[in-house]
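For reference, the structure discussed in these notes is given below.
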Protein chains: 2
Amino acid sequence: MKPTIYHVAEQAGVSIATVSKVINNTGRIGRETRENVLAIMKELGYEPSVVASALTGKHTNTIGLLVPDVANPYFSELARRIEDRGHEKGFSVVICNTDNGIEKEAEYVKWLHRKQVDGIILGTGIQDNRTLHELLKQETPTALVARDSPSLQVDTVRIDDYLGGRLATEHLLELGHTNLGFMLGGLNSSSEEERLRGVRSVMTTNNLSVCEKDIVTDAYTIEEAKQQAMKILTQAQPPTAIFAMNDLLANGVMKAARELGLRLPQDISVIGFDNTLLASISEPPLTTIAQPIADLGTQVTDLLVQEILGEKTVKQRIVLLPSLVVRESTTTIARTPVQK
Amino acid sequence: MKPTIYHVAEQAGVSIATVSKVINNTGRIGRETRENVLAIMKELGYEPSVVASALTGKHTNTIGLLVPDVANPYFSELARRIEDRGHEKGFSVVICNTDNGIEKEAEYVKWLHRKQVDGIILGTGIQDNRTLHELLKQETPTALVARDSPSLQVDTVRIDDYLGGRLATEHLLELGHTNLGFMLGGLNSSSEEERLRGVRSVMTTNNLSVCEKDIVTDAYTIEEAKQQAMKILTQAQPPTAIFAMNDLLANGVMKAARELGLRLPQDISVIGFDNTLLASISEPPLTTIAQPIADLGTQVTDLLVQEILGEKTVKQRIVLLPSLVVRESTTTIARTPVQK
DNA sequence: AATATTGGAGTAAGCGCTTACCCATCTATG
DNA sequence: CATAGATGGGTAAGCGCTTACTCCAATATT
């Protein structure tokens with residue numbers, strides 16, 4: 001049977017209070033007693049029960065992580081970083097896949113609440129803020145990652161999507177492209193809107209406009225992305241470059257292009273977003289807007305942990321800046337866009 | 001303040017025992033009382049504390065999942081399936097990245113134990129069975145996935161790696177290749193050894209042999225894989241086909257080949273393993289040995305949950321069969337292997 | 001009508017731990 | 001030498017829940 005604090009106390013000839021104090025390094029305990037208790041603990045292979053101590057009003061040392069889908073490279077890398085950092089700080093992380101469903105999200109949050117997790121990291125792109133409001137009302141430490149927090153008082157770590165959109169667009173314009181296509185996914189729509197805002201801003205500055213029919217949306221898998229890309233690429237006057245909102249979609253676009261016999265990047269330039277594993281794997285290697293995923297993960301975890309530990313009182317919003325990573329999927333424009 | 005069972009009991013004018021009974025659907029409770037209590041619970045927004053009930057000797061409804069690295073597509077897909085199934089069954093999963101380190105693994109297991117997780121799924125490829133032995137001794141329900149259990153009495157779900165190795169080799173031989181190269185990673189070495197055993201078996205049957213210098217190992221990233229592949233490909237008489245033990249490595253091989261000016265698949269055939277996202281993304285699309293990842297995930301979860309619930313007494317070993325998925329990275333041999 | 005059943009609900013003892021508070025020594029102080 | 005702090009450690013009351021057991025009243029049984 002698993003030894004409890006009672007066994008240790010008995011063996012050591014002290015009270016359970018004393019044992020508890022040496023475990024937690026609280027109160028005043030003599031050198032000798034402490035060492036003795038420690039020895040007994042080791043001898044018995046005693047491990048304090050997190051459950052019991054949690055009941056006494058302390059922490060469970062657990063944080064909940066909500067993401068749309070861990071199988072998505074972006075989120076799996078993020079999850080890895082968060083787990084790493086959490087582990088360093090003594091927290092375990094329970095993972096929840098919401099598929100960006102408001103119902104699932106709410107259900108998970110309720111469940112995590114019952115489990116008394118110490119805090120929650122929201123990495124979903126849901127526009128609906130109901131769950132978030134609920135969370136804040138309940139005073140569960142909460143932090144947002146890769147998601148905007150429109151006018152809400154909550155710790156947030158995200159990238160500047162607007163800037164990301166600008167960077168991508170500027171890159172394409174510099175290469176001479178003026179007829180641009182865009183592919184949105186839907187996994188993190190608030191981010192995507194911001195990026196599109198960046199796009200529009202740059203386009204307007206350059207007296208260009210983005211044609212609504214060159215924007216396709218709702219693609220979650222590479223296959224769907226390919227199908228959607230087909231729509232854009234088979235138009236009368238197809239874009240010469242496509243900006244996909246994540247690397248997975250960009251790969252879908254490339255598949256479509258290849259199937260249509262277009263050469264990459266000579267006939268069609270493609271730029272992605274995120275700079276996940278997929279960007280370096282793809283052929284040609286994908287030019288993309290890099291998110292500092294590792295930093296997003298560690299910083300949001302730090303924020304949450306500080307909040308949990310009560311080490312900080314003011315909420316903050318951290319905005320990391322994306323950067324352009326040029327690889328081989330984009331190049332200067334070759335064919336004349338007029339070919340009606 | 002969060003309502004407790006006492007608040008509900010008071011409001012409903014019953015004892016906490018009664019409330020507990022309606023929550024758990026145990027004991028005998030009258031229709032009216034039950035409905036009344038239920039109503040009060042809803043009204044108060046009461047949520048039973050998992051922590052408290054866990055302390056009373058029940059379950060925490062949590063399982064621990066140990067994998068080398070969730071950022072690895074294979075494991076992230078697996079993790080997704082396990083979380084999905086776990087969630088369906090009412091369990092949350094806490095994720096642990098061991099990087100295949102025996103120390104980290106042991107530490108995680110100890111920690112999970114303190115947390116009183118109901119069970120543990122081991123998806124690591126560590127050869128050392130110490131942790132596993134420990135786990136079994138402690139009677140923590142444990143299940144292995146994608147990992148062998150040499151002579152141990154533990155629930156296991158895995159694929160037939162030997163068969164996988166055979167399938168890959170047979171495919172290459174059928175295409176006319178006789179000079180084969182192999183690239184191991186190290187993430188799951190027991191599996192890889194089995195696969196290699198499959199390879200050797202087929203080779204021997206065909207009066208062929210595998211040259212030790214055509215086997216490279218220890219590659220964890222795509223970059224490392226590329227470097228290692230270079231070694232094989234720049235030999236005097238390089239293989240005409242390479243069998244990589246996972247899709248990531250296969251991509252590294254393709255990168256190397258491309259850098260050396262080799263055409264894929266005409267000059268060099270590449271076959272991977274796992275059939276993850278990476279296999280369909282890559283260019284050319286990767287021929288690979290498909291693991292039924294979804295089934296691995298759900299079945300191992302089911303096994304563990306049954307074990308936890310005490311619904312079964314005999315341990316079992318489930319072996320799923322891999323299959324060959326032919327895409328475009330392999331083709332019949334073109335150049336003559338003799339070119340010394 | 002007397003007894004046996006059974007349905008419905010309460011009592012109270014813990015689960016393993018934390019913590020506010022109390023008590024006994026021991027040493028430094030005037 | 002009496003006393004005020006330190007110092008070291010114990011007491012006991014919970015935390016929110018489950019469950020074995022008890023008790024009572026309403027039926028069913030003979």
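Every heavy atom of this structure was used, including side-chain atoms; hydrogens, water molecules and symmetry mates were not.
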>> Can you see if the side chain of B:S53 gets near the phosphate of D:dG16 - specifically, an N or O under 4.0 Å from OP1 or OP2?
In response: no
>> Within the 4.0 Å heavy-atom criterion, would you say B:T26 contacts the bases, only the backbone, or no part of the nucleic acid?
In response: nothing
> Charged N to carboxylate O under 4.0 angstrom, B:R81 versus B:D295?
Replying inline: no
> Quick one: on DNA chain D, does A:E32 or B:P48 contact a more 5' nucleotide (nearest heavy atom)?
Replying inline: A:E32
>> Base, sugar-phosphate or nothing for A:V51? Non-hydrogen atoms, less than 4.0 Å.
In response: nothing
> Roughly, in whole Å, what's the span from NZ in A:K2 to P in C:dC15?
Replying inline: 14 Å
>> Can you see whether A:T18 engages A:S15 through a side-chain donor-acceptor pair at a distance of less than 3.5 angstrom?
In response: yes
> Can you tell which of C:dC17, D:dC17, D:dT11 lies closest to the side chain of B:I5?
Replying inline: D:dC17
>> Nearest to the side chain of A:I29, heavy atoms from C-beta on, is which of D:dT11, C:dC17, D:dG9?
In response: D:dG9
> Quick one: which of D:dC17, C:dT18, C:dA20 gets closest to the side chain of A:K21?
Replying inline: C:dA20
> A:R28 has an atom CZ; how far is it from atom P of C:dA24, in whole Å?
Replying inline: 16 Å
> Between atom CZ in A:R31 and atom P in D:dG8, what is the gap in whole Å?
Replying inline: 12 Å
> Please give, in whole Å, the distance from D:dT18 P to B:L55 CG?
Replying inline: 11 Å
>> Reading DNA chain C from 5' onward, which residue's closest nucleotide shows up sooner: B:G13 or A:K58?
In response: B:G13
>> So, does A:T4 get its side chain near the phosphate of C:dG16, meaning an N or O under 4.0 Å from OP1 or OP2?
In response: no
> Atom CG of B:N25 and atom P of D:dT18: how far apart are they, to the nearest Å?
Replying inline: 12 Å
> For A:Q116 and B:S49, does a side-chain donor sit closer than 3.5 Å to a side-chain acceptor?
Replying inline: yes
>> When you measure from the side-chain N and O atoms of B:S20 to the phosphate of D:dT18, is any distance below 4.0 Å, counting only OP1 and OP2?
In response: yes
>> Taking only side-chain N and O atoms of A:S49, does any of them lie within less than 4.0 angstrom of OP1 or OP2 on C:dC17?
In response: no
> Hey, does the side-chain of A:Y6 have a donor or acceptor N/O within less than 3.5 Å of a partner on the base of C:dC15?
Replying inline: no
>> Can you tell whether the side chains of A:K104 and A:E107 come within less than 4.0 Å, N to carboxylate O?
In response: no
> Whole Å only: how far is the CE atom of B:M41 from the C1' atom of D:dC17?
Replying inline: 14 Å
>> Rounded to whole Å, how long is the line connecting atom CG of A:L44 with atom P of C:dG16?
In response: 14 Å
> Rounded to the nearest Å, what distance is computed from the CD atom of residue A:E10 to the P atom of nucleotide C:dC17?
Replying inline: 14 Å
> If you look at every strand shown and take non-hydrogen atoms under 4.0 Å, does A:I16 touch a base, only sugar-phosphate, or nothing?
Replying inline: base
>> With a 4.0 Å cutoff (strictly under), does any side-chain N or O of A:S15 reach OP1 or OP2 of D:dG10?
In response: yes
>> If you count heavy atoms of other groups shown closer than 6.0 angstrom to CD of B:E139, is the number above 12?
In response: no
> Which part of the nucleic acid, if any, lies within reach of B:V19 when heavy atoms closer than 4.0 Å are counted: base, sugar-phosphate only, or nothing?
Replying inline: nothing
>> Can a side-chain donor-acceptor contact be found between B:N100 and B:T124 if the only test is distance below 3.5 angstrom?
In response: no
